[in-house]
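Nothing here was measured: the structure is a model prediction, and the numbers come from that model. Numbers restart at 1 for each chain; the letters A, B, ... are given by sequence-line order, proteins then strands.
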Amino acid sequence: MTSIVNSRASFHSNSLVSISDANDSYKPVLGKQNYISCIKNGETMEFNAKKLRLDYCIIPRINDINGAGAHSSTYPDLLHLLSRNTQSSLSQVRQMHAQMLRTGLCDLPHYRTKLFSLYSNHHRFSDAKNLLRSILKPDLLSFTALINASSKFNDFKNTLILFSQMLTNGLYPDAHVLPSIIKACAGLLAVKIGEQVHGFSLASGLSLDPFVESSLIHFYVKCDKLIGAHKLFDKMVERDVVSWSALAAGYARKGDVINAKKVFSEVKIFGFEPNTVSWNGMIAGFNQSGCFLDAVLMFQQMHLHGFTSDGTSISSVLPAIGDLGYLNAGTQVHGYVIKIGFAVDKCIVSALIDMYGKCGCALEMSQVFEDIGQADVGACNAMIAGLARHGLVDKALTVFKELQGQGMELNVVSWTSVIACCSQHGKDIEALNIFREMQAAGVKPNSVTIPCLLPACGNIAALMHGKAAHCFSLKRGISGDVYVGSALIDMYANCGKIQAARCCFDRMPARNLVCWNTMLGAYAMHGKAKEAIEIFHCMQRSGQKPDSVSFTSLLSACSQSGLTEEGHSYFESMSKDHGIEARVEHYACIVTLLGRAGKLEEAYSMIKKMPFEPDACVWGALLSSCRLHHNMSLGEVAAGKLFELEPKNPGNYILLSNIYASKGKWKEVDKVRDIMRDMGLRKNPGCSWIEVKNKVHMLLAGDKSLPQMAQILDKLNRLSMEMKKAGYLPNTNYVLQDVEEQEKEHILCGHSEKLAVVFGILNTSQGSPLRITKNLRICGDCHAVIKFISRFERREIFVRDTNRYHHFKDGDCSCGDYW
DNA sequence: ATAGGGTTAG
């Protein structure tokens, strides 16, 4: 951020004043030239507004314009008239400028300042800047006019550049220009510059100005430093409606509804009346912090108090309405928007599209989008997100392509939306490709882009891509963000790099519940119960209360590792000590926990004792356990329930058939297969991904189109001969098709996870680990084969299936043969 | 002259 005040002139970094505890300990003193000092705890700190030369280019003076020649004394009046009349055209301003140059009025700061304001009001910053360059010794008034104007038009970068030029000219800000500079720092979240400016205001005594104080409060609120804002507020001698409103909005932004409302109502006690801007600040703050209902209620109350909502209130309340799904309210606001003619406001249109999208109204959403005709980036972005929400991925991509095609300004939200759209709808490789395109287009990913992209890397275990995204976040300084951090933990865990996941976790400067839960989930996925339990206790020691998600991960980790006793006691303590009522997913974990330990009857009675209807996950947990322990009678009960709950899930039929096969009940196996055939169910095609040399390869079961297929099968045959020598028998129970044994063996050979392992062995250097992801649960035969391969080929092999991670090493698997 | 309020991505 410091680069915004460019290196040519800036507050000297050595004199950076830390403000965090400065409010009462700084006292300004007179400093030597160009230095302003302040005293902190008896120590003098110097503040250096460093001077650097600015090369001036002086524009030629216009000597005459078409013989226009009013007497010079009439210009001040004319100028006054022009600046009062907002309708004055740009050409009138230019003529005035020319005449002023001719008559020398341009040299008088007071008149010149008017000219700056006139140009700025016409958004002609380049003209204003040329005017600035033409002045030999620009004065504070000229800079003030320009800085205030660029700040007013939210051109904050320009504001700070001008500020730096002002310092270069040896000019110090006064109370009239500081608020605009501070506003720019707030808008750009330029924390360090803002704090230095605060230091300057303290040192110079300008911090006592109510305008400066209010803008500083807003600055700290915007930069998420509410405590600093409050300290300032407390020290204020005279508070007004602006300072109260800024603080109230600050609490609203933090989601502190109680304090926000308290401060907001205190305004009245102290004799002030909240105005439209005060109300808008509350609505926007509540919307930003996710207090959607409070935002909507504020909007309603605003009207009850006799205020009329303007464009700002509407574009702040619409997203809140959308999140609540209040279609009725949304439609009313839409009607109001049309009635008062706000349907041309770009922000409002985007907000309307967003609202309809969130309320599930794809048609209305598209209607608003089409009605604009010339859609801007915001509207397109809202549309992409809305289409993605409705699963209309292709349409979303079309809108994005149109946006690109029209040469509209290619922004980070659009790219992020479309990346999110892909990674959320199983188009992981597309997400990675679009991310690459985005970089090629010169758009820099931010702290939202990375968490949208990382799941795509994790889904297909594209470790190199994930690492590249990690590097990006380090370079962009966003790796400390809780969303980025959690997404990194998840990505590394999904790619099998549990230590790297832990490393990211340990390095986080701050953690919220999601970070802890992600780490817990990562250990659970890897079946590392000991570590999960450690994190669980660590979390509580750090003051973070676990929620029901934390317990799901903890219980799942215990069940994966066979920690039956521990899991059971955590389950009991959940409601007893933590006041969290067990949900269906917790029961599923307990059923798995008991089932794995062979306590199938106990698991079944647990299901019967559940305070609500067991769902497919619970019965699925029982059925899996029955398969593990070859329990046919309970397996049939569980399968029967599952066939009712999800008749079209082929996985359940396959599990039951596995149980029959293990007992040699071939007739029953046939029966299950016939049911599947009659229902038109087919086993989902198996699919595995492996990253080799930075490219992700997808392998389908029985894929004959693979160029290396002959080699792969050859290698697989040779491995299988070695395995048979070592006593391995292919487990054809896993083949459901009604074919000869020989053919069954052949089908097993075609399983995608085996293909991926062998593909990896053929294409990577000896001894390097292999990371594979599968779209189904790993097949039992493949599990046995990969265990063997890990020993025979001396490779660590990581296979993530839909259930968990399998880490094969030296002939064993981390799951202990339970999955 | 100057301060407080807006959409779209997780």
Side-chain angles (χ1 to χ4, degrees), chain A residues 83 110 113-114 116-117 140-141 144-149 151-152 154 173-183 186 206 209-219 221-222 240-250 252-253 274-285 287-288 302 309-319 322 342 345-355 357-358 376-386 388 411-421 423-424 445-455 481-484 486-487 514:
Chain A
S83 63
H110 180 70
T113 306
K114 284 261 189 290
F116 279 116
S117 312
L140 186 62
L141 275 183
T144 302
L146 255 180
I147 286 176
N148 289 345
S151 176
K152 186 173 137 195
N154 294 337
D174 65 2
H176 295 296
V177 72
L178 264 180
S180 294
I181 294 163
I182 297 165
K183 183 185 170 188
L206 291 171
D209 180 276
F211 281 68
V212 173
E213 280 183 312
S214 288
S215 57
L216 280 169
I217 289 176
H218 175 236
F219 163 75
V221 160
K222 257 264 151 98
D240 61 8
V241 64
V242 177
S243 38
W244 286 104
S245 308
L247 189 67
R253 274 173 61 96
N275 55 27
T276 308
V277 179
S278 321
W279 286 97
N280 286 349
M282 295 291 279
I283 299 168
N287 175 45
Q288 282 158 13
M302 177 183 180
S309 50
D310 61 5
T312 306
S313 355
I314 293 169
S315 46
S316 295
V317 80
L318 276 173
F342 276 179
D345 185 310
K346 285 179 173 148
C347 281
I348 291 182
V349 170
S350 303
L352 278 172
I353 294 170
D354 171 66
M355 181 274 293
K358 283 176 183 162
D376 74 322
V377 198
C380 289
N381 292 348
M383 194 63 191
I384 293 169
N411 69 20
V412 62
V413 179
S414 335
W415 288 97
T416 306
S417 313
V418 84
I419 289 170
C421 173
S423 67
Q424 284 160 6
N446 65 15
S447 64
V448 183
T449 320
I450 301 295
C452 289
L453 174 78
L454 284 172
D481 181 281
V482 283
Y483 288 102
V484 174
S486 303
V514 176

- Item | Pair A/Asn381-A/Ser350, side chain to side chain contact (heavy atoms under 4.5 Å, CB included): steps then yes or no | CA-CA 8 Å; A/Asn381 292 348; A/Ser350 303; over 6 Å; no
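Ranking B/dG10, B/dT2, B/dG6 by closeness to the A/Pro179 side chain, first place goes to B/dT2. Nearest nucleotide to the side chain of A/Ser214, out of B/dG6, B/dA9, B/dA3: B/dA3. Which of B/dG6, B/dT8, B/dA1 sits closest to the side chain of A/Asp174 comes down to B/dA1. Distance from the side chain of A/Ser350 is smallest for B/dT7 among the nucleotides B/dT7, B/dA3, B/dA9. Considering only the side chain of A/Ser151, B/dA3 comes nearest among B/dA3, B/dG6, B/dA9. When the nucleotides B/dT2, B/dG4, B/dA9 are ranked by their closest atom to the side chain of A/Ala385, B/dA9 comes out on top. When each of B/dG4, B/dA9, B/dT7 is scored by its nearest atom to the side-chain atoms of A/Val242, the top-ranked nucleotide is B/dG4. Closest to the side chain of A/Ala351, out of B/dT2, B/dT7, B/dG4, is B/dT7. The side chain of A/Ile348 lies closest to B/dG6, out of B/dG6, B/dA9, B/dT2.
Base contact: A/Ser315 has a heavy atom under 4.0 Å from a base atom. In this structure, A/Leu141 reaches the bases: a heavy-atom distance under 4.0 Å links it to at least one base atom across the strands shown. Residue A/Asp345 is classed as a base contact, given a heavy-atom separation below 4.0 Å to a base. As judged by a 4.0 angstrom heavy-atom cut-off over every strand, A/Ser278 is placed among the base-contacting residues. The residue A/Ser447 sits close to a base: some heavy atom pair falls under 4.0 Å. Residue-level contact check: A/Ala249 touches neither bases nor backbone, having no heavy atom under 4.0 Å from any strand. If you check every strand for non-hydrogen atoms under 4.0 Å, A/Val448 touches a base. If you check every strand for non-hydrogen atoms under 4.0 Å, A/Asn154 touches nothing. Within 4.0 Å of A/Ser245, counting heavy atoms only, lies at least one base atom of the nucleic acid. Nucleic acid contact class of A/Val241 (heavy atoms, under 4.0 Å, all strands): base. Residue A/His176 is classed as a base contact, given a heavy-atom separation below 4.0 Å to a base. As judged by a 4.0 angstrom heavy-atom cut-off over every strand, A/Gly311 is placed among the base-contacting residues. As judged by a 4.0 angstrom heavy-atom cut-off over every strand, A/Leu352 is placed among residues making no nucleic acid contact. Heavy atoms of A/Ser180 sit under 4.0 angstrom from primed sugar atoms or phosphate atoms, though from no base atom.
Regarding A/Trp244, its CH2 atom lies at a distance of 17 Å from the C1' atom of B/dA3, rounded to whole Å. Atoms CG (A/Asp354) and C1' (B/dG6) sit 13 Å apart, rounded to a whole Å. Going from atom CG of A/Asp481 over to atom P of B/dG10 covers 14 Å, rounded to whole Å. Across the protein-nucleic acid pair, A/Asn381 atom CG and B/dG6 atom C1' stand 16 Å apart, rounded to whole Å. At whole-Å resolution of the value, CZ in A/Phe219 and P in B/dA3 are 16 Å apart. Counting to the nearest Å, the P atom of B/dA1 and the CD1 atom of A/Ile147 are 17 Å from each other. Note: CD1 (A/Ile419) to C1' (B/dA9) measures 9 Å, nearest angstrom. Between the P atom of B/dT2 and the CG atom of A/Leu216 lies a distance of 18 Å, rounded to the nearest Å.
For A/Asp354 (side chain) and A/Gly357 (main-chain N/O), no donor-acceptor pair under 3.5 Å exists by modelled atom type. Looking only at distances, no side-chain donor or acceptor of A/Ser417 sits under 3.5 Å from a matching main-chain atom of A/Ala385. Distance alone, capped at 3.5 Å, places no donor-acceptor pair between the A/Ser151 side chain and the A/Ile147 backbone.
Legend: residues meeting side-chain hydrogen bond (donor to acceptor under 3.5 Å, both in side chains) with A/Lys183, ordered by chain and number and at least two apart, are absent.
In this model, the phosphate group of B/dA9 is not approached by any side-chain N or O of A/Gln424 to a distance below 4.0 Å at OP1 or OP2.
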With a cut-off of 3.5 Å and sequence neighbours excluded, list every side-chain donor-acceptor pair involving residues 209-218 of chain A.
unit_1	atom_1	unit_2	atom_2	d
A/Asp209	OD1	A/Phe211	N	2.8
A/Asp209	OD1	A/Val212	N	3.1
A/Ser214	OG	A/Pro210	O	3.2
A/Ser215	OG	A/Phe211	O	3.1
A/Ser215	OG	A/Val212	O	2.8

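Between the side chain of A/Asp209 and the base of B/dA3, no donor-acceptor pair under 3.5 Å is found. Judged by atom type and distance alone, A/Asn280 does not reach the base of B/dG4 through any side-chain donor-acceptor pair under 3.5 Å. If you check distances only, the side chain of A/Asn287 never reaches the base of B/dG6 with a donor-acceptor pair under 3.5 Å.
With contacts defined as side-chain heavy-atom distances shorter than 4.5 Å, the pair A/Val177/A/Asn148 qualifies. A 4.5 Å side-chain heavy-atom check between A/Thr276 and A/Met302 finds at least one atom pair inside the cut-off.
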